[in-house]
Amino acid sequence: MKKRVVVTGLGCITPVGHGKDAFWKALMEGRSGVGEITKFDAADYPTKIAAEVKDFQAEEYMEKKEAKKMDLFVQYAVAGAKLAMEDSKIDPETIDHEDFGVVLGSGIGGIATFEEQHKKMLEKGPRRISPFFIPMMIVNMASGQVSMSLGAKGPNTTVVTACASATNAIGDAYKIIQRGDAKLMITGGTEASITPVSIGGFCSMKAMSTANEAPEKASRPFDKKRDGFVMGEGSGILLLEELDHALARGAEIYGEVAGYGMSADAYHITAPAPEGEGGKRAMLKALADGDTAPEAVDYINAHGTSTPYNDQFETMAIKSVFKNHGNKLAVSSTKSMTGHLLGAAGGVEAIASLLAIKHGIVPPTINYDTPDPECDLDYTPNKAQERTVNYAMSNSLGFGGHNATILFKKYRD
């Protein structure tokens, strides 16, 4: 019999707030975290806006000398993990640390460190490269540093599937507990790629919005006037726990992991498969994994990037999976407020989905002003809506044709 897995801790560092309470308050207020880029001079870039994390002080979560050895994406991961542990109210002295693991996702990893050290090498020579260059930059160092910070000696791995990374990580962590290889797993995603080369690369692809005049209005998923995504940064971290372990310590349970599905488009390096065929199969697999009927789902936190093809094809995929029920369920894209956190997006959006279950409120899609006939579902336009949410689904779709879906449900005995 498969073990049941529940979520007992939430931690996040986001462009609209740090910690689950500040994050949720911003979503309920429909507040955008998008503004002009301040991390570097973006005057020569077509896109001059991003959803940057504000007021983050690494020293609030780790020793200053340790923070200096971490790229920002690792700092966000450690901070989010500590917030999730604090939120869970678990006593680290009481757990078996060999039953405690970490699976994190990141799409790009330490690109800021890479750019900085490459510049130093060109200007001053290879002997000036930092001895911490490699351990700061490599993508698996987020899960490595989190395990060291928390003393987690169980399974430890990293998922790199572009913008599906965090959702794949959550699904993998769920399966690790379900098959009995751990009782506790820290999971989710982290990203810090608002850098000159990274923004330049996405600009060259023409994937990002150029609505620089009104940054807070730029991310507009499913709206007919959408013109691309807005890059965000931060982390979204969850503590997953085997149900009996959680009950034994009297933990607050945000929800139960009900199913996980993933698929590949096998189609194109960046474009989604026509009609969202790959995303459709990921959703169907998640429903089958949880032995859940489509009609049970109340809310979908969509990938909803605000790019023309993604939103149209994800809409088609949802309609194909849910048929007539597609017109009855609530859909929203919280990227309209947070921007697109790339490899961390699925972690933050899983937290939004679980809080929707907890509070019985669906967060809105802001900046939804002009309906698109090709996108004709209920996207929870502009204002949060009270609604009983027993089942919430979160989609993540990544470059390379990676599709991942995680399904949560309200916990019941």
Side-chain angles (χ1 to χ4, degrees), residues 1-11 20 80-81 83-104 146-147 150-157 166-188 236-262 285-293 296-299 346-347 349-360 388-394 404-413:
M1 184 175 178
K2 294 179 180 177
K3 296 180 184 297
R4 296 174 66 183
V5 181
V6 294
V7 183
T8 56
L10 305 175
K20 74 175 197 305
L83 287 171
M85 289 293 286
E86 180 181 327
D87 184 52
S88 75
K89 298 181 175 58
I90 198 166
D91 181 355
E93 300 297 323
T94 65
I95 62 177
D96 181 345
H97 288 255
E98 294 186 11
D99 258 344
F100 180 22
V102 183
V103 182
L104 292 180
V146 167
S147 71
L150 303 181
K153 297 182 177 180
N156 190 292
T157 189
T167 299
N168 278 131
I170 296 167
D172 291 353
Y174 159 57
K175 292 298 180 183
I176 285 171
I177 295 176
Q178 194 178 58
R179 66 175 180 255
D181 285 347
K183 288 185 170 59
L184 295 152
M185 292 295 296
I186 284 286
T187 187
I237 310 292
L238 291 71
L239 179 64
L240 304 190
E241 194 165 354
E242 195 271 321
L243 175 61
D244 290 342
H245 192 278
L247 292 176
R249 69 181 185 87
E252 178 184 1
I253 294 173
Y254 289 99
E256 182 171 355
V257 187
Y260 170 47
M262 57 179 168
K285 287 176 180 289
L287 291 167
D289 184 46
D291 193 22
T292 303
V297 177
D298 304 293
Y299 168 54
E349 290 157 17
I351 291 173
S353 301
L354 287 156
L355 292 175
I357 291 173
K358 173 182 170 64
H359 295 291
T388 299
V389 181
N390 290 311
Y391 282 81
M393 174 178 279
S394 180
T405 295
I406 195 82
L407 180 65
F408 299 106
K409 67 179 179 182
K410 189 184 290 284
Y411 168 69
R412 303 184 194 283
D413 292 338

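On a predicted model such as this, the values are computed, not experimentally measured, just so you know. Residue numbers start at 1 and run along the sequence shown.
- Heavy atoms of other residues, nucleotides or ligands lying less than 6.0 angstrom from NZ of Lys285 number 12 at most.
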Does Glu252 form a side-chain contact (heavy atoms from CB on, under 4.5 Å) with Lys358? I'd like the steps, not just the answer.
CA-CA 11 Å; Glu252 178 184 1; Lys358 173 182 170 64; 2.9 Å; yes

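- Side-chain atoms of His97 never come within 3.5 Å of backbone atoms of Lys153 as a donor-acceptor pair (strictly under, hydrogens ignored).
- Proximity of Leu407 to Leu287: side-chain heavy atoms (C-beta onward) are separated by under 4.5 Å at one or more points.
- Atom CD of Gln178 is separated from atom CZ of Arg4 by 11.5 Å, given to the nearest 0.5 angstrom.
- Here the shortest heavy-atom pairing between Tyr391 and Val297 reads CB-CA, 3.8 Å.
- Remark: Asp291 CG is loosely packed, at most 12 non-hydrogen atoms of other residues, nucleotides or ligands lying under 6.0 Å away.
- Proximity of a side-chain donor or acceptor of Ser88 to a complementary backbone N or O of Glu86 within less than 3.5 Å is not detected.
- In this structure, the side chain of Asn156 does not engage the main chain of Gly101 through any donor-acceptor pair within 3.5 Å.
- Residue pairs meeting the salt bridge (charged side-chain N to carboxylate O under 4.0 Å, His left out) criterion with at least one member in residues 240-249, sequence neighbours excluded, are Glu241-Arg249.
- Across Ala169 and Leu104, no two heavy atoms sit closer than the pair CB-C, 3.8 Å.
- Under the 3.5 Å distance criterion, the side-chain polar atoms of Thr167 are left unmatched by any main-chain donor or acceptor of Ala404.
- Atom CD1 of Ile170 and atom CD of Glu349 lie 9.5 Å apart (nearest 0.5 Å).
- Side-chain atoms of Leu239 and Val7, non-hydrogen and from C-beta on, never get closer than 4.5 Å to each other.
- With rounding to the nearest 0.5 Å, the separation of CD1 in Ile90 from CG in Leu184 is 4.5 Å.
- In terms of modelled atom types and a separation under 3.5 Å, the side chain of Asp298 and the main chain of Asn390 share a donor-acceptor contact.
- A 6.0 Å sphere centred on CE of Met262 holds no more than 12 heavy atoms belonging to other residues, nucleotides or ligands.
- Leu10 is listed as a side-chain neighbour of Leu238, based on a closest heavy-atom distance under 4.5 Å.
- In terms of heavy atoms, Met185 sits closest to Phe100 at N-CD1, 4.5 Å.
- For His359, the ring pair (Phe, Tyr, Trp, His ring centres under 6.0 Å) criterion is met by Trp24, not counting sequence neighbours.
- A salt bridge does not link Lys183 with Glu98: every distance from a Lys NZ or Arg NE/NH1/NH2 to an Asp or Glu carboxylate oxygen is 4.0 Å or more.
- When every heavy atom of Ala350 is checked against every heavy atom of Ser394, the shortest pair comes out as N-OG, 4.2 Å.
- Closest of all the heavy-atom pairs between Ala182 and Asp99 is CB-O, 3.5 Å.
- How far CG of Leu150 is from CE of Met85: 5.5 Å, rounded to the nearest 0.5 Å.
- Looking at every heavy atom in both residues, Val6 comes nearest to Ala246 through CG2-CB, 3.8 Å.
- Looking only at side-chain heavy atoms (C-beta outward), Val103 and Ile176 come within less than 4.5 Å of each other.
- At a cut-off of 3.5 Å, with distance as the only test, a side-chain donor of Asp87 or Tyr254 sits close to an acceptor on the other residue.
- Remark: Ala286 engages Thr405 in a side chain to side chain contact (heavy atoms under 4.5 Å, CB included) (not counting sequence neighbours).
- In this structure, Tyr260 OH and Phe408 CZ are separated by 11.5 Å, a value rounded to the nearest 0.5 Å.
- For the atom pair CG of Leu355 and NZ of Lys20, the computed distance is 7.5 Å after rounding to the nearest 0.5 Å.
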